[in-house]
Amino acid sequence: MRDAPAAAAEPLKVGDKVVLRIAGSARYGVVVEDRGPLAANGSQMVAIQIGDHEDRRFEMRAEYLERVPA
């Protein structure tokens with residue numbers, strides 16, 4: 001796995017649209033929960049949902065996501 005990108009200037013918040021780039025593809029989702037600074041070194045954890053199905057909900061470090069401009 002590659003190193004995490006630098007932390008975003010502004011923390012992600014519920015409702016933000018994000019993209020996760022993995023294995024050469026992009027998965028678009030929305031932040032559904034801010035879990036707070038629970039990751040290593042106090043990094044922000046968020047829950048994101050990909051698509052309309054709740055079974056496609058993942059928790060991950062915010063720095064692995066890119067905010068999609070509105």
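- In this structure, Leu65 is not a member of the same hydrophobic cluster as Val30, with clusters built from ILVMFWY side-chain heavy atoms closer than 4.5 Å.
- What you find for Arg35 and Ala47 is that their closest heavy atoms are CG-N, 4.3 Å.
- Counting heavy atoms of neighbouring residues, nucleotides and ligands inside a 6.0 Å radius, atom CZ of Arg57 exceeds 12 of them.
- Side chain of Arg61 to backbone of Leu38: no donor-acceptor contact under 3.5 angstrom is found.
- With rounding to the nearest 0.5 angstrom, the CD atom of Gln44 is 5.0 Å from the CG atom of Leu12.
- Across all non-hydrogen atoms, the minimal contact from Pro37 to Gly42 is CB-O, 3.2 Å.
- Summarising the geometry, atom CE belonging to Met45 is positioned 10.5 Å from atom CD belonging to Glu33; distances are rounded to the nearest 0.5 Å.
- Under the side-chain contact (heavy atoms from CB on, under 4.5 Å) rule, Phe58 has a single partner from Ile50, Val32, Leu20, Val46, which is Ile50.
- Of all the heavy atoms in Val19 and Ala26, the pair that sits closest is CG2-CB, 3.7 Å.
- Minimum heavy-atom separation, Ser43 to Glu63: OG-OE2, 3.3 Å.
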